[in-house]
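Remarks on the structure that follows.
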Amino acid sequence: MLKVRVIPTLLWKQFGLVKGTRFDSWRRVGPVLPAIKVYNQRDVDELVLVDITANTTGDPPDCESIADFSQECFVPFAVGGGVTSIDQVQQLLRSGADKIVLNTAAYRSPSLVTDIAHRYGTQCVVASIDVRCNLEGGWICYSHSGSCDTGREVVTWARELEDRGAGEILITSIDNDGMMEGYDLGLIEVVSQSVKIPVIASGGAGNYQHMIQAVKQSGASAVAAASMFHFTEQTPAGAKEAMRQAGIPVRLNFVSTP
């Protein structure tokens with residue numbers, strides 16, 4: 001089993017970071033740069049930064065800000081929001097992004113996933129899927145920060161994204177987002193069993209046990225969280241230690257000895 005990653009998610013809205021519940025991100029939690037600096041010291045494996053308004057305003061990615069952020073980010077840095085073209089992808093990579101997170105753009109132009117994978121490698125493409133549970137108990141994919149029903153069923157879409165060259169899938173339950181009551185384990189399991197690429201669990205983590213469940217019960221390859229790290233005393237280092245004690249392989253920081 002590959003080592004499981006712990007990934008804080010940063011939601012960027014205009015002038016700073018925000019968080020809320022069920023994709024209603026109303027609560028401001030501070031500026032971006034200090035958060036990145038803090039996470040650099042907290043044993044994270046990667047960071048995900050998503051501009052949650054760019055897909056509705058039509059603004060292109062803010063490459064100047066990404067360049068500033070990336071200078072202070074010393075872990076793999078995945079960036080998303082407002083990406084619509086391969087040229088913008090190139091600009092973001094030149095600005096310091098290591099991976100590109102695609103959601104709305106993938107529905108509009110699925111070939112963009114393939115283009116990025118062909119030019120920069122599958123490891124560059126993080127396919128983000130935001131999902132709500134429907135009345136029949138299935139899962140439907142949403143775009144535009146969870147506001148538009150795409151009509152696509154999650155397993156079919158996840159497999160298409162994999163076929164098109166996505167290197168991993170970031171799967172988020174809109175219903176569980178920010179509730180801190182646990183991931184949608186059924187959703188994560190269904191997606192993990194349907195694709196061969198890594199699946200990042202997102203939406204609902206409130207404690208270390210939730211992360212352990214996502215990996216051991218549902219097959220997640222990585223766990224992402226936002227509210228849990230913003231609003232509680234729990235830390236990425238604590239998450240790794242809890243998972244290690246549960247028998248899950250994780251990346252531990254190098255500790256020097258006298």
Side-chain angles (χ1 to χ4, degrees), residues 1-11 23 45-50 52 55 76-81 83 89 97-118 120-133 138-146 150-177 183-205 210-211 213-226:
M1 182 180 181
L2 295 176
K3 292 182 178 179
V4 172
R5 294 164 289 155
V6 175
I7 307 173
T9 304
L10 304 176
L11 302 181
F23 279 39
D45 295 306
E46 300 179 18
L47 278 176
V48 170
L49 175 69
V50 178
I52 62 171
N55 57 50
F77 190 31
V79 176
V83 179
V89 171
D98 298 293
K99 300 179 181 180
I100 304 300
V101 181
L102 291 182
N103 185 297
T104 300
Y107 298 105
R108 290 173 172 169
S109 180
S111 61
L112 181 59
V113 176
T114 308
D115 292 343
I116 298 171
H118 283 172
Y120 300 110
T122 59
Q123 81 288 340
C124 186
V125 188
V126 180
S128 170
I129 308 179
D130 300 330
V131 179
R132 289 186 189 274
C133 186
W139 293 282
I140 300 299
C141 305
Y142 280 69
S143 65
H144 296 82
S145 298
T150 69
R152 291 179 179 266
E153 189 274 330
V154 66
V155 168
T156 303
W157 182 232
R159 286 173 173 165
E160 179 175 342
L161 290 167
E162 179 182 35
D163 291 342
R164 287 184 175 277
E168 55 189 335
I169 289 174
L170 173 63
I171 187 74
T172 304
S173 166
I174 299 172
D175 298 314
N176 291 34
D177 172 66
Y183 298 107
D184 186 331
L185 298 178
L187 169 64
I188 297 164
E189 182 177 8
V190 164
V191 175
S192 296
Q193 291 181 347
S194 301
V195 298
K196 297 179 181 178
I197 56 178
V199 172
I200 306 168
S202 176
H210 293 155
M211 294 181 164
Q213 291 171 343
V215 177
K216 299 194 82 170
Q217 296 182 29
S218 300
S221 301
V223 287

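The basis for the numbers below is simple: all heavy atoms, side chains too, and nothing from hydrogens, waters or symmetry mates.
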Roughly how far, to the nearest 0.5 Å, is the [atom2] atom of [Y] from the [atom1] atom of [X]?
X: Ile129; Y: Tyr107; atom1: CD1; atom2: OH; result: 6.0 Å
X: Ile171; Y: Tyr183; atom1: CD1; atom2: OH; result: 12.5 Å
X: Asp130; Y: Ser202; atom1: CG; atom2: OG; result: 8.0 Å
X: Ile169; Y: Ile197; atom1: CD1; atom2: CD1; result: 4.0 Å
X: Leu185; Y: Asn176; atom1: CG; atom2: CG; result: 8.5 Å

message = Show me the pairs that pass salt bridge (Lys or Arg N to Asp or Glu O under 4.0 Å) and involve residues 99-115, at least two apart or across chains.
response = Glu46-Lys99, Lys99-Glu168

Compare all side-chain heavy atoms of [X] with those of [Y] and state whether any distance is below 4.5 angstrom.
X: Pro76; Y: Arg5; value: no
X: Ser173; Y: Val131; value: no
X: Arg132; Y: Ile140; value: no

request  = Start with the C-alpha gap between Ile116 and Leu102, add the side-chain angles, then the distance that decides, and say whether side chain to side chain contact (heavy atoms under 4.5 Å, CB included) holds.
outcome  = CA-CA 10 Å; Ile116 298 171; Leu102 291 182; 3.6 Å; yes

inquiry  = Test your reading of the model: is there a side-chain donor-acceptor pair from Thr114 to the backbone of Arg164, 3.5 Å cut-off?
reply    = yes

request  = Please report the shortest heavy-atom distance between Ala106 and Leu161, naming the atom on each side.
outcome  = CB-CD2, 4.2 Å

request  = Start with the C-alpha gap between Thr150 and Trp157, add the side-chain angles, then the distance that decides, and say whether side chain to side chain contact (heavy atoms under 4.5 Å, CB included) holds.
outcome  = CA-CA 10 Å; Thr150 69; Trp157 182 232; over 6 Å; no

key: Candidate pair Asp177 and Thr172, rule side chain to side chain donor-acceptor pair (under 3.5 Å), full reasoning   = CA-CA 7 Å; Asp177 172 66; Thr172 304; over 6 Å; no

inquiry  = If only side-chain N and O atoms count, and only distance matters, is there a donor-acceptor pair under 3.5 Å linking Asn103 with Asn55?
reply    = no

query = Should Ile100 and Tyr120 be marked as a side chain to side chain contact (heavy atoms under 4.5 Å, CB included) after you check the CA-CA gap, both sets of side-chain angles, and the distance that decides it?
reply = CA-CA 10 Å; Ile100 304 300; Tyr120 300 110; over 6 Å; no

